[in-house]
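Here is the naming used below: chain letters follow the sequence lines, and residue numbers restart at 1 for every chain.
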Amino acid sequence: QQQVKQSPQSLIVQKGGIPIINCAYENTAFDYFPWYQQFPGKGPALLIAIRPDVSEKKEGRFTISFNKSAKQFSLHIMDSQPGDSATYFCAASSHNYGQNFVFGPGTRLSVLP
Amino acid sequence: EPEVTQTPSHQVTQMGQEVILRCVPISNHLYFYWYRQILGQKVEFLVSFYNNEISEKSEIFDDQFSVERPDGSNFTLKIRSTKLEDSAMYFCASSEDRGSKLAKNIQYFGAGTRLSVL
């Protein structure tokens with residue numbers, strides 16, 4: 001129940017494409033869903049986050065779509081750039097169960113020039 | 001921009017030795033965390049710390065692990081007797097707030113310490 005599933009494992013797109021990364025969860029107590037971006041040799045950095053009371057959140061070229069009934073959420077990267085090449089992790093937490101994040105297994109994104 | 005700093009960036013140790021990984025959280029943050037990431041795998045929660053005590057820990061965080069805030073700025077993770085399977089990247093994180101229905105749970109991560117147990 002604490003698991004967060006993420007797909008695909010890896011993704012290759014051309015510059016300007018719109019990669020979409022999908023995550024799913026089971027624990028309905030989760031109420032905070034961040035996406036983290038990690039470059040090689042660096043720690044994860046918060047990209048964008050959403051709460052289940054909204055269905056979409058957009059920050060710059062990054063958009064989260066959230067489907068509460070399906071318990072799924074996804075990250076869309078508009079006009080992707082080679083600099084977006086990184087590993088992306090979705091995560092979930094619940095204020096009822098403490099502060100720790102449950103991370104998905106990650107998606108390695110490569111944006112070709 | 002304030003950041004979480006971790007030292008050393010890479011630690012090599014022999015199996016059975018004790019290691020201490022060090023972290024300096026962001027100065028006004030009150031909640032501190034350790035996560036680990038085995039090479040190629042997902043980030044896993046180890047422990048959270050608030051008000052000088054552990055607030056939550058995972059199954060991974062057994063008696064070989066301990067955390068401490070020895071002074072007002074440092075936050076350490078000690079592994080008492082390292083095993084080969086402890087080889088991983090260890091991330092420290094901190095947050096200003098615990099996270100609630102109203103407040104965001106924004107955790108800031110350090111660059112990590114790569115622990116290699118030989």
Side-chain angles (χ1 to χ4, degrees), chain A residues 1-10 21 23-25 27-54 57 59 64 66 68 86-108, chain B residues 1 3-6 9-10 21 23 25-26 29-51 53-61 88-114:
Chain A
Q1 264 233 324
Q2 282 290 88
Q3 217 179 9
V4 174
K5 296 178 181 177
Q6 183 174 347
S7 62
Q9 193 173 28
S10 63
I21 305 170
C23 286
Y25 63 98
N27 189 345
T28 54
F30 286 145
D31 56 10
Y32 181 70
F33 303 90
W35 283 90
Y36 276 80
Q37 180 188 55
Q38 185 181 29
F39 293 107
K42 302 289 187 183
L46 178 66
L47 196 60
I48 186 173
I50 197 169
R51 289 199 179 274
D53 52 348
V54 296
K57 183 172 182 181
E59 286 184 6
I64 300 179
F66 191 87
K68 188 175 180 178
T87 299
Y88 293 81
F89 294 95
C90 60
S93 69
S94 166
H95 77 283
N96 289 326
Y97 298 123
Q99 316 92 328
N100 61 298
F101 288 150
V102 178
F103 281 88
T107 295
R108 181 170 291 188
Chain B
E1 186 175 312
E3 59 180 15
V4 176
T5 56
Q6 290 185 243
S9 57
H10 190 191
L21 309 183
C23 169
I26 294 174
H29 285 187
L30 302 175
Y31 298 87
F32 314 115
Y33 317 83
W34 284 101
Y35 292 82
R36 80 171 185 192
Q37 184 179 30
I38 295 171
L39 185 63
Q41 298 186 25
K42 67 177 179 180
V43 179
E44 300 175 291
F45 169 75
L46 292 179
V47 65
S48 59
F49 192 86
Y50 170 71
N51 201 25
E53 60 182 26
I54 290 173
S55 49
E56 195 174 357
K57 61 183 180 180
S58 71
E59 294 173 350
I60 304 167
F61 194 88
M89 184 73 97
Y90 288 81
F91 292 107
C92 172
S94 70
S95 66
E96 188 176 3
D97 198 282
R98 180 187 189 277
S100 66
K101 283 201 167 183
L102 298 177
K104 298 175 186 177
N105 181 7
I106 300 177
Q107 297 183 17
Y108 295 85
F109 284 73
T113 293
R114 180 171 298 283

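- Listed here is the closest heavy atom pair of F91(B) and Q38(A): CZ-NE2, 3.3 Å.
- Neither the backbone nor the side chain of P34(A) comes within contact range of chain B; no heavy atoms are under 4.5 Å apart.
- Interface check for chain B: of the options G106(A), P105(A), A91(A), A49(A), the most heavy-atom pairs under 4.5 Å are formed by P105(A).
- Atom NZ of K42(B) and atom CZ of F101(A) lie 14.5 Å apart (nearest 0.5 Å).
- For Q6(B), no part lies near chain A; criterion is any non-hydrogen pair under 4.5 Å.
- For F39(A), no part sits under 4.5 Å from any heavy atom of chain B, backbone or side chain.
- Here the closest heavy-atom approach between residue I106(B) and residue Y32(A) is recorded as CG1-OH, 3.7 Å.
- For a residue to count as touching a neighbouring chain, one of its non-hydrogen atoms must lie under 4.5 Å from one of that chain's; by this rule Q6(A) does not touch chain B.
- Heavy-atom minimum distance, F89(A) versus Q37(B): CZ-NE2, 3.2 Å.
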